[in-house]
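Each ligand, and each atom within it, is numbered from 1 in the order the structure gives. From a predicted model like this one, the values you see are computed outputs, not experimental measurements.
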Amino acid sequence: MIRKMEKVAPFKEIIEVIKESGGDAFKLCYQCGLCDTVCPWNRVRAFSMRKLVRQAVFGLTEIEAEDMWLCTTCGICPQQCPRDVKQIESGVSLRRIATEYGVFPASAKPVSAVRASLAGEGNPLNMERKERARWAEGLSVRPFAEGMDLLYFPGCYLCYDPRMMKVARATAKVLTLAGSDFGILGDKENCCGESIRKTGDEELFKRLAKENIKTFIESGVRKIAVSSPHCLHTFKNEYPEFMVHFDVVHISQYISDLLCREKLSLSREYRKKVAYHDPCYLGRHNGIYDEPREVLKKIPGIELVEMADSRENSLCCGGGGGRIWMETPKGERFSDLRIEQAVATGAELLVTSCPYCITNFEDSRLVLNYDEAIEIKDITEILQEVI
Ligand code: SF4
Ligand code: SF4
């Protein structure tokens with residue numbers, strides 16, 4: 001912060017600004033360094049959350065530097081921290097200051113285009129709002145109407161990204177075959193706002209969240225199934241800040257329940273060796289480890305294997321905290337390490353249930369020339385082949 005910010009506020013004031021932005025827990029740190037030991041960045045390059053915390057305590061944060069934009073909010077260091085420093089919330093507080101002053105390093109520059117797209121069209125991908133339900137063309141998916149049991153909320157990547165649209169279609173087919181009474185909001189759906197909030201843009205998050213909440217209430221939504229763990233996290237844990245509570249489940253939970261209640265029957269075998277990857281926002285942030293595995297274990301023929309880092313210790317794909325929109329140089333991508341771990345198990349398939357993970361793994365698979373060795377799938381894509 002010194003260089004550019006010293007004109008704006010001396011150290012003491014900077015400490016106040018950090019405090020006001022929600023970074024007060026920084027002062028609890030006693031510099032043990034455990035966060036750096038577990039942080040996935042230190043498998044690919046040097047990065048110190050401990051140092052970031054120390055600088056913030058003394059008001060020495062270099063606001064224009066790259067470091068504060070690196071954290072993927074994977075959640076592994078808060079799990080280890082003996083002083084409850086709340087590294088994610090505190091780290092986001094620094095990004096709020098940078099956002100407020102409009103100071104971004106080169107790697108975070110794409111975020112401004114994302115903001116414009118979110119503000120204008122409700123999605124981060126520079127796509128038109130009216131195209132939001134195009135993924136459902138040719139399927140018997142109905143618009144959500146009051147009285148329906150379930151709102152299916154695919155989220156931005158599943159609505160627009162060509163690879164992820166396949167997952168939305170697979171999910172809709174599974175729900176239809178199970179006889180679920182569900183609908184979608186189509187162009188009334190907005191980005192959930194989870195990731196833009198992590199980049200420090202609180203105002204845009206609030207706007208997106210309020211618009212979604214208004215639509216849910218006006219449409220008579222009671223239960224929501226989401227495909228993205230990021231939508232799950234924000235609907236379940238952050239939208240209650242607006243005094244609303246919706247019954248929100250991740251699609252893996254919803255499908256696990258359908259299988260338990262015998263609403264879905266699995267009629268074919270799937271003879272493959274499969275590794276399951278725990279997305280950070282499904283596992284560590286929301287404690288959902290078992291349901292996706294239970295769904296996979298029920299599929300006849302599947303051999304489920306675990307990778308080197310799994311469940312609470314899962315290795316982040318690199319896409320959280322807004323990093324999905326930022327450029328990560330070759331050689332520094334966590335998803336490359338994860339693909340190596342999956343290949344090392346002998347798995348033919350790496351299965352997960354998050355749009356950011358699938359996007360990053362598909363990229364790494366091609367870059368590493370593993371396109372023959374391993375496939376990437378969402379759980380619903382396997383299910384649609386066996387029901
Ligand atoms: S683990 Fe917690 S207490 Fe230890 S250095 Fe990191 S932030 Fe500070
Ligand atoms: S939340 Fe994850 S990426 Fe961020 S500093 Fe902690 S361990 Fe590193």
>> Before we go on, tell me: are the rings of W41 and F334 under 6.0 Å apart, centre to centre?
In response: yes
> Of all the atoms in ligand 1, which lie at a distance below 4.0 Å from a heavy atom belonging to V85?
Replying inline: 2 (Fe), 7 (S)
>> If we only consider heavy atoms of I76, is any one of them less than 4.0 Å away from an atom in ligand 2?
In response: yes
> Starting from atom 6 (Fe) of ligand 1, which protein heavy atom do you reach first, and at what distance in Å?
Replying inline: C35 SG, 2.4 Å
> So which protein heavy atom does atom 2 (Fe) of ligand 1 come closest to, and at what separation?
Replying inline: C81 SG, 2.3 Å
> Are any of the heavy atoms in P40 under 4.0 Å away from ligand 2?
Replying inline: yes
>> With a cut-off of 2.8 Å, does C29 put an N/O/S atom close enough to atom 4 (Fe) of ligand 1?
In response: no
> Going by atom types alone, do S195 and Y356 pair a side-chain donor with an acceptor below 3.5 Å?
Replying inline: yes
> Of all the non-hydrogen atoms in the protein, which one sits nearest to atom 4 (Fe) of ligand 2, and at what distance?
Replying inline: C71 SG, 2.3 Å
> What protein heavy atom sits nearest atom 8 (Fe) of ligand 2, and how far off is it?
Replying inline: C39 SG, 2.4 Å
> Does the separation of the ring centres of Y239 and F246 fall below 6.0 angstrom?
Replying inline: no
>> So which atom in T73 and which in G320 form the shortest heavy-atom distance, rounded to 0.1 Å?
In response: OG1-C, 4.0 Å
> Do we see a donor-acceptor contact under 3.5 Å between the side chains of S107 and E66?
Replying inline: yes
> Would you say C77 has an N, O or S atom lying under 2.8 Å from atom 6 (Fe) of ligand 1?
Replying inline: no
>> We want to know whether D201 and T199 form a side-chain donor-acceptor pair, criterion being a heavy-atom distance below 3.5 angstrom.
In response: no
> If only atom types and distance count, is the side chain of S93 paired as donor or acceptor with the main-chain N or O of S90 below 3.5 Å?
Replying inline: yes
>> Go through it in stages, so that I can follow the logic: the residues are Y152 and S227, the test is side-chain hydrogen bond (donor to acceptor under 3.5 Å, both in side chains), and I'd like the CA-CA distance, side-chain angles, deciding distance and then a yes or no.
In response: CA-CA 8 Å; Y152 171 49; S227 286; 2.7 Å; yes
>> Looking at ligand 1, would Q87 count as a contact under a 4.0 Å heavy-atom criterion?
In response: yes
>> I need the atoms of ligand 1 closer than 4.0 Å to a non-hydrogen atom of G33, numbered in the order shown.
In response: 4 (Fe), 5 (S)
> Is the closest heavy-atom distance from Q31 to ligand 1 below 4.0 Å?
Replying inline: yes
